[in-house]
Amino acid sequence: MKSEPSDVSIDDLASMPGQNVAWYGVRNYQARNFMRDQMRVGDGVFFYHSSCEQPGIAGIAEVSKLAYPDATQFDPGSKYFDSKAAPQNPRWFNVDVRFVRKTRLIGIKELRDYPDLATMRILQKGNRLSITPVDPSEWNFIMGILQ
DNA sequence: GCCAACGTTGGC
DNA sequence: GCCAACGTTGGC
């Protein structure tokens, strides 16, 4: 899951109440579907810093709450407000994510250098999705290089 | 700030 | 339903 550290960094997550955050504000259908349809409580998450000086994996988190309607879509004062969404018919969903631990920064260049990660979704050309699935083999490989 | 890539919008 | 125009993302 990508986050701009100027918005929410891994350190920010670690200092939040319960070290937990609602992953609100996703307004892309594919990313929404990954949260709503595929993410389950306890699933591991790589916390990726994007749009910053050192893009890359900065820590590990886990899904702490199953997807539910994103409250900001109903809030006219929010920049994520969606006038076409209704509480009876929500359009956007988010999971909650809980801090597990920080890691060393694994930069995007390093990630690209591992042949084992050549097909990792987040590294594909043109990928802009803020949430992408991680194969178990990719998860295990990255956990391995963190040893 | 540039720009490739891609999603969304809206006229037809 | 097509597709041009536009907006956004995000690494560099």
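Hydrogens, waters and symmetry mates are skipped; everything else that's a heavy atom, side chains included, is used. Per chain, numbering begins at 1; letters A, B, ... match sequence-line order.
- What separates CG of L123(A) from P of dT9(C) is a distance of 20 Å, to the nearest Å.
- Within residues 50-59 of chain A, the residues that have a heavy atom under 4.0 Å from DNA chain C are, in order of number, S50(A), S51(A), P55(A).
- Donor-acceptor pairing under 3.5 Å is lacking for the side chains of D96(A) and S64(A).
- Judged purely by distance below 3.5 Å, without hydrogens or angles, the side chains of R27(A) and T72(A) pair a donor atom with an acceptor atom.
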Stepwise ring-ring contact (aromatic ring centres under 6.0 Å, His included) test for Y29(A) and W92(A): CA-CA 8 Å; Y29(A) 289 104; W92(A) 306 111; 4.7 Å; yes

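- When the C1' atom of dT9(C) is taken as reference, atom OH of Y48(A) falls 12 Å away, rounded to whole Å.
- Between the CE atom of M1(A) and the P atom of dT9(C) there is a distance of 16 Å, given to the nearest Å.
- What separates CD1 of I108(A) from C1' of dT9(C) is a distance of 12 Å, to the nearest Å.
- For K2(A) and dT8(C), the NZ to C1' distance is 12 Å, given to the nearest whole Å.
- For Y24(A), the OH atom counts as loosely surrounded, since its 6.0 Å shell holds 12 or fewer non-hydrogen atoms of other residues, nucleotides or ligands.
- Between the side chains of Y68(A) and N94(A), a donor-acceptor pair is found at a separation under 3.5 Å.
- Summarising the geometry, the separation between CG on N127(A) and P on dT8(C) is reported as 19 Å, rounded to the nearest angstrom.
- No continuous path of hydrophobic side-chain contacts links I122(A) to L105(A) [ILVMFWY only; heavy atoms under 4.5 Å].
- Rounded to an integer number of Å, the gap from CD of Q30(A) to P of dT8(C) is 19 Å.
- Not one N or O on the side chain of N127(A) forms a donor-acceptor pair closer than 3.5 Å with the backbone of Q124(A).
- With W23(A) as the fixed residue, the ring-ring contact (aromatic ring centres under 6.0 Å, His included) test singles out one of F34(A), F47(A), F93(A): F47(A).
- As a whole-Å value, the separation of K125(A) NZ from dT9(C) C1' is 15 Å.
- Ionic pairing of E62(A) and R101(A) is not present here: no N-O contact between side-chain nitrogen and carboxylate oxygen is shorter than 4.0 angstrom.
- Both V100(A) and W139(A) belong to a single network of hydrophobic side chains, linked directly or stepwise wherever heavy atoms of I, L, V, M, F, W or Y lie under 4.5 Å apart.
- If you check the side chains of N140(A) and S137(A), you find no donor sitting under 3.5 Å from an acceptor.
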List, with names and distances, any nitrogen or oxygen atoms from the protein found under 3.5 Å away from nitrogen or oxygen atoms belonging to nucleotides 1-7 of chain C.
from	atom 1	to	atom 2	distance (Å)
dG7(C)	N2	R128(A)	NH1	3.4

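- Five base pairs at each end of the helix from dG1(B)-dC12(C) to dC12(B)-dG1(C) define two local axes, and these are offset by 10° (rounded to 10°).
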